[in-house]
Amino acid sequence: METIPAKDIHYEQNPQNPGCYVATAVYHSYDCPQVWTLRRFRDGVLAEHWYGRAFVRLYYAVSPTLVRWFGESAWFQRLWRGPLDRLVAQLQARGVEDTPYQDKIW
């Protein structure tokens, strides 16, 4: 089984390519308060633990294809909107900010 080394993930979001990730597809923007909150959570919480980094790796391997195939469909938007809204609300209640954010590049 592959070991996930500390902070080995290298990813960059291209704002000119709006159809890459689930939250960007659902909220129709890479630069909106909900996505800023989720990006902070990814970089500040998930990236600090091996299992969080493993999740991020899996997400970045799978989500671009899902969004490319289904991202503009109404059922995909409905499927993800509620869970993402609830997650964002929980994160914001715990103090994760929703202000403009620059991604960390590892």
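- Applying the side chain to side chain contact (heavy atoms under 4.5 Å, CB included) test to Trp69 and every residue at least two apart in sequence or in another chain returns Thr65.
- Between the CD atom in Gln102 and the CZ atom in Arg40 there is a gap of 10.5 Å [rounded to 0.5 Å].
- Every residue two or more places apart in sequence or in another chain that forms a side chain to side chain donor-acceptor pair (under 3.5 Å) with Glu97 is listed here: Thr99.
- Residues satisfying the side chain to side chain donor-acceptor pair (under 3.5 Å) criterion with Gln92, sequence neighbours excluded, are Thr37.
- In this structure Ser73 satisfies the side chain to side chain donor-acceptor pair (under 3.5 Å) test together with Trp75, sequence neighbours excluded.
- For Trp36, the side chain to side chain donor-acceptor pair (under 3.5 Å) partners are Asp31, not counting sequence neighbours.
- The aromatic rings of Phe55 and Tyr59 lie parallel to each other, their planes meeting at an angle below 30°, with 60° marking the opposite boundary.
- Counting heavy atoms from C-beta outward, Val22 and Phe70 have side chains that stay 4.5 Å or more apart.
- When all heavy atoms of Gly71 and Ala25 are compared, the pair lying nearest together is O-CB, 4.2 Å.
- Between the side chain of Arg53 and the backbone N or O of Ala47, at least one donor-acceptor pair lies under 3.5 Å.
- Using a 4.5 Å cut-off on side-chain heavy atoms (C-beta onward), Leu38 and Leu84 make contact.
- Hydrophobic clustering (side-chain heavy atoms under 4.5 Å, transitive across Ile, Leu, Val, Met, Phe, Trp, Tyr) groups Trp80 together with Val56.
- Proximity of Val88 to Tyr27: side-chain heavy atoms (C-beta onward) are separated by under 4.5 Å at one or more points.
- When all heavy atoms are compared, the tightest approach of Ser29 to Cys32 is O-SG, 3.7 Å.
- With sequence neighbours excluded, the residues forming a ring-ring contact (aromatic ring centres under 6.0 Å, His included) with His49 are Tyr51, listed by chain and number.
- Not a single side chain to side chain contact (heavy atoms under 4.5 Å, CB included) links Glu72 to another residue, sequence neighbours left out.
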Item to check | Residues Val35, Tyr101; criterion side-chain contact (heavy atoms from CB on, under 4.5 Å); working and verdict | outcome: CA-CA 9 Å; Val35 177; Tyr101 181 71; over 6 Å; no
Next on the checklist: Could you go through Arg81 and Asp85, starting from their C-alpha distance and side-chain angles, then the distance that decides it, and tell me whether this counts as salt bridge (Lys or Arg N to Asp or Glu O under 4.0 Å)?
Outcome noted: CA-CA 6 Å; Arg81 185 61 182 247; Asp85 284 346; 3.3 Å; yes
Item to check | Audit row: Tyr21, Arg39, side chain to side chain donor-acceptor pair (under 3.5 Å) steps and yes/no | outcome: CA-CA 11 Å; Tyr21 304 98; Arg39 288 162 49 197; over 6 Å; no
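- Residues satisfying the side chain to side chain contact (heavy atoms under 4.5 Å, CB included) test with Phe41, not counting sequence neighbours, are Val45, Leu46, Leu91.
- Judged as a salt bridge (Lys or Arg N to Asp or Glu O under 4.0 Å), and not counting sequence neighbours, Asp98 has no contacts.
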